[in-house]
Amino acid sequence: MSVAGLSFRQVSKRYGRVTALDKFDLSVEPGEFVTFLGPSGSGKTTALNILAGFAEATEGDILIGERSVVKLPPERRNVGMVFQSYSLFPHLTVFENVAFPLRLRSVGAAQLTDKVREVLRMVHLEDFAQRMPNELSGGQRQRVAFARAVIFDPPVLLMDEPLSALDLKLREQMQLEIKRYHAQIGCTIIFVTHDQGEALALSDRVAVMREGRIAQVGTPQEIYDRPNSQYVAEFIGRTNLFRIGGGSGRWHIEELGMEVAPVDGVDPQKTGLSVRPEKIHPVGGGEEGQVTFDARLTQVIFQGDHVQYEATSPNGAPLIFQDHRGPGTRLMQSGDQIRLGFDPGDAVPVALDVA
Ligand SMILES: Nc1ncnc2c1ncn2[C@@H]1O[C@H](COP(=O)(O)OP(=O)(O)OP(=O)(O)O)[C@@H](O)[C@H]1O
């Protein structure tokens, strides 16, 4: 099987006065697993539909491999698809649904049967080959759709919320299957989800979308550890966002009533400091080099392996932090006065949303 990279080049899509995609630019390497992540309406499905050929770009170009595909119908783009809108054929059995792409390609009977069995085994549906789609659960249908999409070893596989109908356990199982499939076959995958955990778990790179554009694209670790903006920091996981006040010289963190060293080349007017909850810890006092401050606990949420705390700073700003529990750790109580601290290196400058 050949593996193809792809690129969106300044692709825009307008529906009347709505701009669903706005000069969208992205290059994906052959074999890469890239996820489009973003809130409802940010343009994820539009980007995938245009790549698949189900919608036409208003302007711009799309390349799969070296070839522009914008003039090709969906079936000539040679991509596998698991789309909610691209449902199973209701009058065909599971076996025939899955075999369909091979019949289109005139694959011989023996090879076809072997291959259908193999992919049905992969999605744990080998005993369901003779069922009709209306005799399956939503999750089973999604797995048949996945089997049908991958059966012809497509160089590019597109998936739009393929796991949304599954319960948590099955969802995690299918995530592993998709990861295993990708590691084994190495095709290029474009995956759409609004589940950030799923995006971080599966992808080589995540493109965080906002109003038809990419707000940030990077590895899951880059996106989580080094968000470039308040939008990305708040969309991926939870964070504490501190405002910077004061003039030149040292920066004044308003919420904590304290000063920190400025970061070169960063405009404090347009910048906040994002500190992830797990980077803030209770401290004994006087920790060298740490930013430390007083707080009062307002909420203690026990989560098994860790505890999630909510607190307020002396000037009433809300804070969140979490602690992993060592053996015999005493849980703090709501109302406790504590001292918290973080390493200044864990405060990431992020562009503030313009009000
Ligand atoms: N056929 C259409 N006609 C008019 N507007 C559309 C059409 N399809 C999408 N839009 C608009 O384009 C924008 C992007 O929609 P899109 O479906 O790409 O978002 P999404 O990020 O996939 O959202 P969701 O997570 O809800 O599926 C939205 O404002 C949507 O209302």
Side-chain angles (χ1 to χ4, degrees), residues 6-28 32-62 64 69-70 73-74 77 79-88 138-139 141-142 145-146 149 156-168 171 174-175 178 188-203 205-218 220 223-224 227-237 353-354:
L6 58 95
S7 51
F8 289 85
R9 302 221 169 137
Q10 296 278 300
V11 177
S12 295
K13 175 69 178 175
R14 283 184 286 278
Y15 293 103
R17 292 166 66 184
V18 175
T19 301
L21 267 194
D22 189 10
K23 298 197 174 68
F24 186 84
D25 246 337
L26 179 70
S27 288
V28 176
E32 234 189 330
F33 192 134
V34 173
T35 297
F36 296 163
L37 176 70
S40 184
S42 58
K44 308 179 296 291
T45 297
T46 300
L48 214 61
N49 277 339
I50 292 176
L51 179 55
F54 294 146
E56 207 177 317
T58 312
E59 53 198 40
D61 198 5
I62 291 188
I64 297 183
V69 295
V70 284
R77 298 191 184 193
V79 297
M81 292 180 257
V82 190
F83 279 24
Q84 280 155 358
S85 56
Y86 194 60
S87 51
L88 301 178
R141 268 182 237 145
Q142 280 190 328
F146 179 73
V156 175
L157 179 61
L158 311 182
M159 292 193 267
D160 190 355
E161 303 263 2
L163 310 181
S164 57
L166 307 185
D167 64 36
L168 185 63
R171 196 177 173 116
M174 277 301 288
Q175 285 174 359
I178 291 172
T188 306
I189 296 183
I190 309 290
F191 191 93
V192 165
T193 185
H194 55 248
D195 178 335
Q196 33 151 319
E198 190 163 279
L200 297 181
L202 289 176
S203 323
R205 280 192 302 158
V206 177
V208 183
M209 303 216 20
R210 178 184 201 179
E211 294 168 6
R213 286 172 169 262
I214 294 179
Q216 186 174 4
V217 57
I223 296 278
Y224 185 82
N228 65 2
S229 57
Q230 176 183 358
Y231 175 81
V232 173
E234 290 179 340
F235 191 73
I236 311 282
D353 272 352
V354 187

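Every value quoted in this text rests on a predicted model; they were computed, and no experiment measured them. Only this structure's heavy atoms are used, side chains among them; waters, hydrogens and symmetry mates stay out. Counting starts at 1 for both ligands and their atoms, in listed order.
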Met209/Thr46 under side chain to side chain contact (heavy atoms under 4.5 Å, CB included): CA gap, chis, key distance, verdict: CA-CA 12 Å; Met209 303 216 20; Thr46 300; over 6 Å; no
In this structure, does ligand 1 have an atom that sits under 4.0 Å from one of the heavy atoms of Pro39? yes
Ignoring hydrogens and angles, write down the donor-acceptor pairs under 3.5 Å from the side chains of residues 13-25, residues two or more places apart or on other chains.
from  : atom 1 : to     : atom 2 : distance (Å)
Lys13 : NZ     : Glu56  : O      : 2.6
Arg14 : NH2    : Glu59  : OE1    : 3.3
Asp22 : OD2    : Arg213 : NE     : 3.0
Asp25 : OD1    : Gln10  : N      : 3.0
Asp25 : OD2    : Gln10  : NE2    : 2.7

In the protein, what heavy atom is nearest to atom 17 (O) of ligand 1, and what distance, to one decimal place, separates them? Thr45 CB, 3.8 Å
Any chance you could measure Phe54, atom CZ, to Thr45, atom OG1, to the nearest 0.5 Å? 12.0 Å
Could you tell me whether some N/O pair between Lys44 and ligand 1 is separated by less than 3.5 angstrom? yes
Ligand 1 versus Ala47, non-hydrogen atoms closer than 4.0 Å: side chain, backbone, both, neither? neither
Which residue pairs satisfy the side chain to side chain donor-acceptor pair (under 3.5 Å) criterion with at least one member in residues 33-42, sequence neighbours excluded? Thr35-Ser203
When you measure from atom 12 (O) of ligand 1 to every protein heavy atom, which one gives the shortest distance, and what is it? Ala20 CB, 3.2 Å
Check ligand 1 against Thr46 and write out every atom of the ligand that is under 4.0 Å from a heavy-atom position of the residue. 14 (C), 15 (O), 16 (P), 18 (O)
Side-chain heavy atoms of Val82 within contact of Phe191, under 4.5 Å: no
Counting non-hydrogen protein atoms only, what is the nearest one to atom 1 (N) of ligand 1? Give residue, atom name and distance. Tyr15 CE2, 3.4 Å
So is Gly38 touching ligand 1 or not, going by heavy atoms under 4.0 Å? no
among protein heavy atoms, the one nearest atom 26 (O) of ligand 1 is Ser40 OG, 2.6 Å
If I apply the N/O under 3.5 Å rule, does Gly41 come out as touching ligand 1? yes
Could you check atom 29 (O) of ligand 1 against the protein and tell me its nearest heavy-atom contact, residue, atom and distance included? Val18 CG1, 3.8 Å
Residue from Val156, Thr188, Leu6 passing side-chain contact (heavy atoms from CB on, under 4.5 Å) with Val79: Val156
A side-chain contact here means heavy atoms from C-beta on lying under 4.5 Å apart; do Leu51 and Ile64 qualify? yes
Sub-4.0 Å protein heavy atom next to atom 31 (O) of ligand 1: no
Going through the distances and angles, do Leu37 and Ile236 end up as a side chain to side chain contact (heavy atoms under 4.5 Å, CB included)? CA-CA 9 Å; Leu37 176 70; Ile236 311 282; 3.3 Å; yes
